[in-house]
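Just below is one structure, and these are the notes that go with it.
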Amino acid sequence: MRTLFPLKPTHKKLHTLPPYSNPSPPPPPPKYFTPTHLNTLINTAIQSKNIKHATQIHTQIITHSYMSLPFLFNNLVTLYAKCGHINRSLKLFSKAHGESKNVITWTSLITQLSHHKKPLQALEFFNQMRSTGVYPNQFTFSAILPACADTVIVHGEQVHSLICKHGYEFDVFVASALVDMYAKCSNMCYAGNVFDEMPERNLVSWNAMIVGFLQNKLYDGAVGFFRKIIRERLGPNQVSFSSVLSACANTGMLDTGKQIHGVAVKQGLITLAYVKNSLMDMYSKCGIFGDAVKLFQTIGDRDVVTWNVMVMGWVQNDNFEKACNYFWVMRREGVSPDEASFSTVLHAAANLAALDQGTLIHDQIIKTGYGRNMCVRSSLITMYEKCGSLADARWVFQESEHRNVVCWTAMISACQHHGHANRVIELFEEMLEEGMKPDYITFVCVLSACGHTGCVEEGFAYFNSMTEIHNMSPGPEHYACMVDLLGRAGRLQEAKKFAESIPIKPNASVWGALLGACRNHGDLEMGIEVAERLFEIEPNNSGNYVLLANMYSHRGRLAEANEVRRLMRVNGLRKETGCSWIDVKNKTFIFTTQDRSHSRTNEIYEMLGQVEELVKKKGYVAETQHAINDVEEYKERSLWYHSEKIALAFGLLTLPIGAPIRIKKNLRTCGDCHTVMKIASEIFDREIIVRDINRFHRFSGGSCSCGDYW
DNA sequence: ATAGGGTTAG
């Protein structure tokens, strides 16, 4: 017996966690202010983003009758926006007389609307400004271009022509903003044209190009421009470094990343937070997490991104406990988590199926006010669902305003995991009715759901709708779903034909789906052929060898079965050990196959014997095709010692009568265990919930929620 | 005017 998840300490220490922000004490209010004095106060308030101070300053400006002073008025507009109250800025602006609004007033407001991600409103004010006869200057254009970048490219093009009309196209600030705008609108060609025609460039112009390449996934371009900066001795700054390192991280360019690390050290920029964090992320994503950890240990001033990179790193290394632990350490060190922290750590909690963890994190989300963020909500849905609580997942979904595709897809996937394939289709149709555009992953879920209910025709209809209605081209995952769909329905020849007719290069999952179907329908001949292909594509996947060996031994072709197993060993592969775990009284107990390490082993095996006897009375016959050994008797015994059955026996022994038994497993559950769980749920009148690597099985009254499709 | 980390699948 081992206990997992040593995460408990965080429970009681929650109230000792540091506060999320440290508000600075308000300055003592003097009696009389000069305009300059008030302006200084405005600048201080902008720094501290203190809305109370903003209101006080506003009052003082009114009592001193300074509202007609343009520079104070303009700065007040900016101040309210910077304090997060853009609506007050708008109100202030609307109350002012037309003639008192100069180009700076308009530009201030447009800048703030741009920053607050209200691009359409920014454009509206830009047009209003021009219709009232105020001419935009280079600052106005620099402010409106980022807003254009957040909309459709036509707006940007129109502004571009205005820029030329007013003769600002060679201004370094305006042109850099133009480069950025075209890059964000995915037009690197235009961005490059503007860049090439600039008579004078600064580092910002160069960085805008690097960032543009990065955002458009043209990673080589990003690296190329970075190299040019070095060659021309322009002195890259932290913006250049963080962007180019992100490019390296996303493509796994470890060598380039290391070179850039060297340059950062030489230039003395290694101390900067952005540079260090990007380097950590680069090492982590390039597969040498150890180097990322080393770097992490040298960082004294860790900010939220530093921690997020670490938490993400543990997630990528499948160490979800460590990921959760790092999250709580971050909290205790006084760093406030943000939406990225929450979505990452929820992902970890979901994979641990640790509902207590997930709930604690949900508390934190509510306290910090990140609960409205769509990434966070989608992760919450998935967390609850993977922790077994579909009801909570649905609740989060229903309470969500402005759901996006990811949110919908998360809910669809939740229903799919819990065996509600009909609900998947309903939700998908609802989503379409609301005008939401499904994405690549949505279709994976929907097609997969069709496969699990045997709806072949519907599946094909949805598959065809991808190209015909939604203007998307199916990817390898979708083809795999279709092969799976046909395979499950027993239409093996069609499945094979389909797999061979795929217009793109089919990946392992396509043939994997077909191999699974061959196993389920006992087609050894096709199985051999498909397995051969798979051994070529993914020689290191032990699952394929196991499947083929089992198919051979099922047919009594033991010599060949052994040969496949020998091949597997020669390749240095082992079947992943199955393990199951179960929570009893806030403790997690983990069992492997034939586990005898628990102190109550004798009782457990006695209970297992009882279960066996009772289940056999109900007409159960061992499904030895799922076993590895060759001798019938051993086969059956080895089946009885599968980890989920041991966990079931332990649950029956230790959990109160009538309480549901929740078992989690690291692999797919086998057919034999599935049958036993079904019968056991009936004879013990207990709800048994098994979460395997793919989905939930909720057994009750002798049947399973998955409808025997999994 | 430019910047680092994240969400949904199998």
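Labels below follow one simple rule: chain letters A, B, ... track the order of the sequence lines, proteins then strands, and each chain is numbered from 1.
- For the pair A:F241 and B:dA3, the ring geometry does not qualify as stacking, because the centroid separation below 5.5 Å and plane angle under 30° are not jointly satisfied.
- Ring geometry, A:F213 versus A:F225: the interplanar angle falls from 30° to 60°, so the pair is classed tilted.
- Taking A:H155 as the reference, nothing meets the ring-ring contact (aromatic ring centres under 6.0 Å, His included) condition, with sequence neighbours excluded.
- Applying the salt bridge (Lys or Arg N to Asp or Glu O under 4.0 Å) test to pairs two or more places apart or on separate chains, those with a residue in residues 275-284 of chain A are A:K276-A:D301, A:D281-A:K285.
- Using a 4.0 Å heavy-atom cutoff across all strands shown, A:N373 reaches at least one base atom of the nucleic acid.
- Out of B:dG6, B:dT2, B:dT8, the shortest distance to the side chain of A:S343 is found at B:dG6.
- Protein atom CZ of A:F141 is 17 Å distant from nucleotide atom P of B:dT2, rounded to whole Å.
- Judged by atom type and distance alone, A:E339 does not reach the base of B:dG6 through any side-chain donor-acceptor pair under 3.5 Å.
- Atom-to-atom, CG of A:N351 to P of B:dT7 comes out at 11 Å; the value is rounded to the nearest Å.
- A:H160 has its ring centre no less than 6.0 Å from the ring centre of A:Y190.
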Worked verdict on A:F696 versus A:H417 for ring-ring contact (aromatic ring centres under 6.0 Å, His included)
CA-CA 6 Å; A:F696 281 91; A:H417 287 154; 7.6 Å; no
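- Looking at residues 437-449 of chain A, you'll see A:D439, A:I441, A:V444, A:C445 sit with a heavy atom under 4.0 Å from some atom of DNA chain B.
- The phosphate of B:dT8 (OP1 or OP2) has a side-chain N or O of A:H347 nearer than 4.0 angstrom.
- The residue A:D484 sits apart from the nucleic acid: no heavy atom pair falls under 4.0 Å.
- With sequence neighbours excluded, the residues forming a side chain to side chain contact (heavy atoms under 4.5 Å, CB included) with A:D484 are A:R488, A:A513, listed by chain and number.
- Remark: the A:D338 side chain and the B:dG5 base include a donor-acceptor N/O pair separated by less than 3.5 Å.
- Across all strands shown, A:S278 has heavy atoms under 4.0 Å from sugar-phosphate atoms exclusively, and none from any base.
- For DNA chain B, no neighbouring residue in residues 508-518 of chain A is found when judged by any heavy atom under 4.0 Å.
- Across all strands, A:L346 comes closer than 4.0 Å to no nucleic acid atom at all (heavy-atom distances).
- With B:dA3, B:dG5, B:dT8 as the choices, the nucleotide that has an atom nearest any side-chain atom of A:V406 turns out to be B:dT8.
- Checking the phosphate oxygens (OP1, OP2) of B:dG6, a side-chain nitrogen or oxygen of A:K285 falls inside 4.0 Å.
- Heavy atoms of A:V211 sit under 4.0 angstrom from primed sugar atoms or phosphate atoms, though from no base atom.
- Of the candidate nucleotides B:dT7, B:dT8, B:dG10, B:dT8 has the atom nearest to the side chain of A:A410.
- Side chain of A:F173, nearest nucleotide from B:dT8, B:dA1, B:dG6: B:dA1.
- Looking at heavy-atom distances under 4.0 Å, A:H417 makes contact with sugar-phosphate atoms alone, never a base.
- Ring orientation note: the planes of A:Y326 and A:F296 are tilted relative to one another, at an angle of 30° to 60°.
- A:H115 has its NE2 atom 7 Å from the P atom of B:dT2, to the nearest Å.
- In terms of polar N and O atoms assigned as donor or acceptor, the side chain of A:N202 comes within less than 3.5 Å of the base of B:dA1 in a complementary pairing.
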Listing, residues 369-376 of chain A side-chain donor-acceptor contacts under 3.5 Å, not counting sequence neighbours, or none:
{"unit_1": "A:N373", "atom_1": "OD1", "unit_2": "A:C375", "atom_2": "N", "d": "2.8"}
{"unit_1": "A:N373", "atom_1": "OD1", "unit_2": "A:V376", "atom_2": "N", "d": "3.0"}

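- To the nearest angstrom, P of B:dG5 lies 17 Å from CE of A:M330.
- For the pair A:M411 CE and B:dT7 C1', the computed distance is 16 Å after rounding to whole Å.
- With B:dT8, B:dT7, B:dA1 as the candidates, the nucleotide lying closest to the side chain of A:M312 is B:dT7.
- Considering only residues two or more places apart in sequence or on other chains, A:W408 meets the ring-ring contact (aromatic ring centres under 6.0 Å, His included) condition with A:F397.
- Note: A:F327 and A:F342 have tilted aromatic rings, judged against thresholds of 30 and 60 degrees for the angle between ring planes.
- Here the side chain of A:Q238 is nearest to one of B:dT2, B:dA3, B:dT7, namely B:dA3.
- Counting to the nearest Å, the C1' atom of B:dT2 and the CE atom of A:M198 are 11 Å from each other.
- Set against B:dG5, B:dT8, B:dT2, the side chain of A:D180 has B:dT2 as its closest nucleotide.
- OP1 or OP2 of B:dG5 has at least one side-chain nitrogen or oxygen of A:S246 nearer than 4.0 Å.
- Protein atom CD1 of A:I229 is 12 Å distant from nucleotide atom C1' of B:dA3, rounded to whole Å.
- Applying the side chain to side chain contact (heavy atoms under 4.5 Å, CB included) rule to A:P119 yields the partners A:A147, A:D150, A:T151; only residues at least two apart in sequence or on another chain are considered.
- Listed candidates were B:dG5, B:dT8, B:dA3. Nearest to the side chain of A:S243 is B:dA3.
- Among the heavy atoms of the strands, none lies under 4.0 Å from A:A175.
- Remark: A:K184 engages A:D180 in a salt bridge (Lys or Arg N to Asp or Glu O under 4.0 Å) (not counting sequence neighbours).
- When each of B:dA3, B:dG6, B:dA9 is scored by its nearest atom to the side-chain atoms of A:E477, the top-ranked nucleotide is B:dA9.
- Taking atom CE of A:M280 as the reference point, atom P of B:dG5 lies 12 Å away to the nearest angstrom.
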